[in-house]
There are 2 protein chains.
Amino acid sequence: MFQALADPTRRGLVDRLTRGPATVSELAAPLPITLAAVVQHLQVLEACGLVRTEKVGRVRSCQVDPAGLRAAEQWLHERRTAWERWLDRLAEVLDEEGTT
Amino acid sequence: MFQALADPTRRGLVDRLTRGPATVSELAAPLPITLAAVVQHLQVLEACGLVRTEKVGRVRSCQVDPAGLRAAEQWLHERRTAWERWLDRLAEVLDEEGTT
DNA sequence: CTCATCGTTAAGCACACACTTGAGTATTCA
DNA sequence: TGAATACTCAAGTGTGTGCTTAACGATGAG
């Protein structure tokens, strides 16, 4: 999941898709890479639940899956708040020692 | 930054550090890899602002930098909410069409 | 001073990853 | 039906990444 977001091209694709759904060709058009490469990136994004795609006729339309983003967001949030709680506890202990 | 979080070992290090600061040796102890490898991971984490370290004597102590985690968290949050706003606008338009 | 401890650095290796090319499939349109 | 469109798939290539080993530097203990 973070593996998927590690690549700047894939983050760009996610970014583009948050501004509305798009087809594979539309996603590939502004990029300096092959359409095949874009398809591979989309496979990675879909495999880890960041993007959902659906094929209608010969066109595949793609959109963001907010659940995926939320999962990554939550991981970071948990770690960050856990550490901030640790700092708070530390402050408490220091206060006690100061007043003792 | 997401690049740094892409590696499971590095996510493990962050996870460990959220439970309190630790030295390089302490971080390396439970891991099946060399101390040198851990040092390299820490360099990556520090370079992108996820971890802060300080050398006291011959011991280096490491702790999480919450600002780094918050930055990544925010990127995801912005993308997710942007997409959810898009969905809301879509719902509005559909409602209007339905009532027209 | 000597020696163990804790970390640092460099070199090298194996594998993974992003990308391309080229050929192929399925769908739409004239 | 024939041609164009919109992907899809497989194979190959070059670069990056994670890891190890090995040699080294710096600090603290006896």
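Residue numbering restarts at 1 for every chain, and letters A, B, ... go by the order of the sequence lines.
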K.L.:
Heavy atoms only, 4.0 Å cut-off, all strands: where does Gln3(A) land among base, sugar-phosphate and nothing?
P.N.:
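The residue Gln3(A) makes sugar-phosphate contact but no base contact.
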K.L.:
If you compare every side-chain N and O of Lys55(B) against the phosphate oxygens of dC6(C) (OP1, OP2), does one of them come in below 4.0 Å?
P.N.:
no
K.L.:
Using a distance-only test with no angle check, is there a side-chain donor-acceptor pair under 3.5 angstrom linking Arg79(B) and Thr18(A)?
P.N.:
no
K.L.:
Check this for me: does the side-chain of Gln40(B) come within 3.5 Å of the base of dT9(C) through a donor and an acceptor?
P.N.:
no
K.L.:
Check every atom of dC19(C), dA22(D), dC7(D) against the side chain of Ala36(B) and return the nucleotide holding the closest atom.
P.N.:
dA22(D)
K.L.:
So, OP1 or OP2 of dC19(C): does either fall under 4.0 Å of a side-chain N or O from Thr34(A)?
P.N.:
no
K.L.:
Closer than 4.0 Å, any side-chain N/O of Arg10(B) to the OP1 or OP2 of dT17(D)?
P.N.:
no
K.L.:
It should be established whether Ser25(A) places a side-chain nitrogen or oxygen under 4.0 Å from OP1 or OP2 of nucleotide dC7(D).
P.N.:
yes
K.L.:
Got a list of side-chain donor-acceptor pairs under 3.5 Å for residues 33-43 of chain B, not counting sequence neighbours?
P.N.:
{"unit_1": "His41(B)", "atom_1": "ND1", "unit_2": "Arg10(B)", "atom_2": "NH1", "d": "3.2"}

K.L.:
Rounded to the nearest 0.5 Å, how far does CZ of Arg19(A) lie from CH2 of Trp83(B)?
P.N.:
12.0 Å
K.L.:
Within the pair Thr9(B) and dG18(D), is there a side-chain N or O less than 4.0 Å away from OP1 or OP2?
P.N.:
no
K.L.:
Under 3.5 Å, which protein N or O atoms sit close to an N or O of nucleotides 25-30 of chain C? Give each pair with its distance.
P.N.:
{"unit_1": "dT27(C)", "atom_1": "O2", "unit_2": "Arg58(A)", "atom_2": "NH1", "d": "3.0"}

